[in-house]
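Structure first, then comments.
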Amino acid sequence: MSMRLFVSRDAGAVAVGADEVALALQQAAAVRGVAVEIVRTGSRGLYWLEPLVEVATPHGRIAFGPVSENDVPSLLDALAGNTPHLLRLGATDEIPWLKRQTRLTFARCGVTDPRSLGDYRAHGGYKGLERALSLGSDATLAEVTASGLRGRGGAGFPTGIKWKTVAQAKSDRKFIVCNADEGDSGTFADRMIMEGDPFLVIEGMTTAAITVGATKGYIYIRSEYPHAVEAMNAAITAAKRGGYLGDKIDGSMHSFDLEVRVGAGAYVCGEETSLLESLEGRRGLVRAKPPLPAHRGLFGKPTVINNVLSFAAIPFILAEGAKAYADFGMGRSRGTMPIQLAGNVRHGGLFETAFGVTLGELVDDIGGGTATGRPVRAVQVGGPLGAYFPRGLFDTPFDYEAFAARDGLIGHGGIVVFDDSVDMRRQARFAMEFCAVESCGKCTPCRIGSTRGVETIEKIMRGERVSENLAIVEDLCNTMKFGSLCALGGFTPYPVLSALKHFREDFVPAPTTLQAAE
Amino acid sequence: MTAVYEAHHELWDETRGAEIIAEHASQEGATLVVLHALQEAFGYVPEAAIPMVARALNLSRAEVHGVFTFYHDFRHKPAGRHVLKLCRAEACQAAGGEALAARAEARLGVSLGNTTADDRVTLEPIYCLGLCATAPSAMLDGRLVGRLDEKRLDALVAEAQR
């Protein structure tokens, strides 16, 4: 019998040498005359241990990592002789970082072969869709609503209500659109699940389609994610061949077709109405709401548009029941959130857990502090539009409302860690600059406000009329916050104002410098 | 698997361009799909192709031009032989990406967004490759590189210059 090895094909693992390790394992095993089967999985999300190599044993998988090409000969020796190895991490499932998680959405990611429909089915795939088919539309809607699932893209709108609106709309055509334009820095959960468990996204979208009566769906993936595009396309082909897409899905009377569309480098297209414009082949200009996409969405038809993670949560909810999902979490934030630890962090990766864990636990305990070993000074939560939090706010629980109460947002669940070398003026300036570059240009506060914001923060950095210019920045932020059409202009003030509020010392120079400047 | 993903593009040819446009024009909302296909074939979207796309999709030239110029991905002219993209977003900034970008600029003698005089390397910023837990990261002609440090960056720059 051949030895089964598992090496990730996730872009994050490939970027640190997973392909080279897989190839070296194959070649070294051939030279030794050892039969090996290398399964290319998604990533377990423990990125500091990538490339991670796992081997199947009668007692479950044993992990080694981070493995480089040079480690391959000694690794094969250890496997052949069942002897100790420096990189041996023990049973994968017992690694504390993994064991502490509640993996509902990411249960299969890193475990199964993302190219294999058979593997997906063997690990519980399509149970949710089968239950939805037997329940019918109304009961499925009731389950999704009862689960408490809220839009995981960042807005947190209840998914059940969105679906119900589209289900009740009368139209000759309806659409399902998956927002996979994951542009927030510090987030990679969409990418991971598309690369590591693409059938899950397809199952979630198909469930939405049969529930609301849609027959066509699109997955809009950003062009920066070529591996995800490839993985989704391969999975769509396999699902079609397996009878899970196309006519008479899974033997039912429903038909549903799915297509991948690739973005073209515009951050604003992650905003749902801008994304719809882009899908229709136009400039990604934000639409005014109402009408809501649920009433008039893609090509003017009722459209369910959800984030990748929202669709990916659906199969569990239907397979295990709404209660099983809603039992996790706190307050109005039910279920689990795939949290992404990134930037200058010792243990970076994907940590799926119930809502309610505190920011401090996530950064210090789970993340292990900074990679540089210096003190953590600031963390940005929720992407480029999220607030910078100081250590003083580390008791904030991960929950939509708790973050909002402290002028922040959880967004898509990304946490970027900075050490004490960070200059918060530069970060505030960058937030404005990014908004200026990415603004679609439709509304004035965003288009012009962001450019004025960059200029004014630069004046502060040069020490010009610091207190007056700080007041201007604050005023400008209020205009952008309340006057912008969408979250790009509306939320850019979060990083800027939080930097001003919590890290004031970076903006106001010491008194002697102030005198010199004036 | 360490192959260099150097792109090989065709020279602009009107008949070939028309073929590519026709192949994708029947899809709903085809503009981005067609522009992507043209750029994949020719390495950029030639000016001459814009009115052809407009005719095929029953749009005005201005509309197609508007779409073409809205998106950062579409090129007006061919890139250098190699394209080195450096991530400039917050997660990479937190991990020292800014200093590495400055180093790459100095090594190549061009600022971000430009191509070296010998047309060998185009150096571009990119706002997030989704490799934020193995930051800083870069992409050389489609190949991803994470955990960038000075040594790895210098090797990448040297590879791009070859």
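As the structure is a prediction and not an experimental result, all values here were calculated from the model. Below, chains carry the letters A, B, ... as their sequence lines are ordered, and counting in each starts from 1.
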Considering all heavy atoms, the nearest [X]-[Y] contact:
X: B:Ala133; Y: A:Gly348; value: CB-C, 3.7 Å
X: A:Gly186; Y: B:Ala91; value: N-CB, 4.1 Å
X: A:Phe430; Y: B:Ala89; value: CZ-CA, 4.3 Å
X: B:Cys132; Y: A:Ala342; value: O-CB, 3.3 Å
X: B:Leu131; Y: A:Ala15; value: CD1-CB, 3.8 Å
X: B:Ala94; Y: A:Val416; value: CB-CG1, 4.0 Å

Where does [X] contact chain B at under 4.5 Å (heavy atoms): side chain, backbone, both or neither?
X: A:Glu182; answer: neither
X: A:Val437; answer: both
X: A:Asp184; answer: backbone
X: A:Pro384; answer: both
X: A:Ala371; answer: neither

Side-chain donor-acceptor pair present, A:Ser278, B:Tyr71, cut-off under 3.5 Å: yes

Roughly how far, to the nearest 0.5 Å, is [atom2] of [Y] from [atom1] of [X]?
X: A:Leu298; Y: B:Glu28; atom1: CG; atom2: CD; value: 7.5 Å
X: B:Phe70; Y: A:Cys269; atom1: CZ; atom2: SG; value: 5.5 Å
X: B:Leu129; Y: A:Tyr225; atom1: CG; atom2: OH; value: 8.5 Å

Electrostatic pair A:Arg282-B:Glu63, nearest N-O below 4.0 angstrom: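 The answer is no: the pair does not qualify as a salt bridge.
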
Basic-acidic side-chain contact under 4.0 Å: B:Arg88, A:Glu433: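 Answer for the salt bridge query: no.
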
Intermediate values then yes/no, side-chain contact (heavy atoms from CB on, under 4.5 Å), B:Gln93 and A:Gln427: CA-CA 9 Å; B:Gln93 291 170 12; A:Gln427 298 312 120; 2.9 Å; yes

Quick check: are there more than 12 heavy atoms from other residues, nucleotides or ligands sitting under 6.0 Å from [atom1] of [X]?
X: B:Arg61; atom1: CZ; answer: no
X: B:Glu40; atom1: CD; answer: no
X: B:Asp118; atom1: CG; answer: yes
X: A:His347; atom1: NE2; answer: yes
X: A:Arg426; atom1: CZ; answer: no

Let's test your reading of the structure: which of [options] forms the most heavy-atom pairs below 4.5 Å with chain B?
options: A:Gly281, A:Gly343, A:Ala11, A:Ala264; result: A:Ala264
options: A:Phe434, A:Phe299, A:Trp48; result: A:Phe299
options: A:Ser185, A:Gly349, A:Gly17, A:Gly12; result: A:Ser185

Region of B:Ile126 that comes under 4.5 Å of a non-hydrogen atom in chain A: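 Only the side chain of B:Ile126 comes within 4.5 Å of chain A.
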
Segment of B:Gln39 engaging chain A (4.5 angstrom heavy-atom cut-off):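 Nothing of B:Gln39, per the 4.5 Å heavy-atom cut-off to chain A.
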
I'd like to know if the side chain of [X] reaches the main chain of [Y], judged simply by a donor and an acceptor atom lying under 3.5 Å from each other, with no hydrogens or angles considered.
X: B:His36; Y: A:Gly263; value: yes
X: A:Arg283; Y: B:Val67; value: no
X: A:Arg261; Y: B:Gly29; value: yes

Candidate pair B:Tyr127 and A:Arg222, rule side-chain contact (heavy atoms from CB on, under 4.5 Å), full reasoning: CA-CA 11 Å; B:Tyr127 291 96; A:Arg222 58 202 298 264; 5.7 Å; no

Test log, rule side-chain contact (heavy atoms from CB on, under 4.5 Å), inputs B:His72 and A:Tyr267: CA-CA 9 Å; B:His72 300 305; A:Tyr267 175 76; over 6 Å; no

Partner chain A: residue of B:Val34, B:Leu35, B:Thr69, B:Thr134 with the largest heavy-atom pair count (under 4.5 Å): B:Thr134

Working for side-chain contact (heavy atoms from CB on, under 4.5 Å), residues A:His227 and B:Leu144: CA-CA 10 Å; A:His227 291 73; B:Leu144 298 170; 3.5 Å; yes

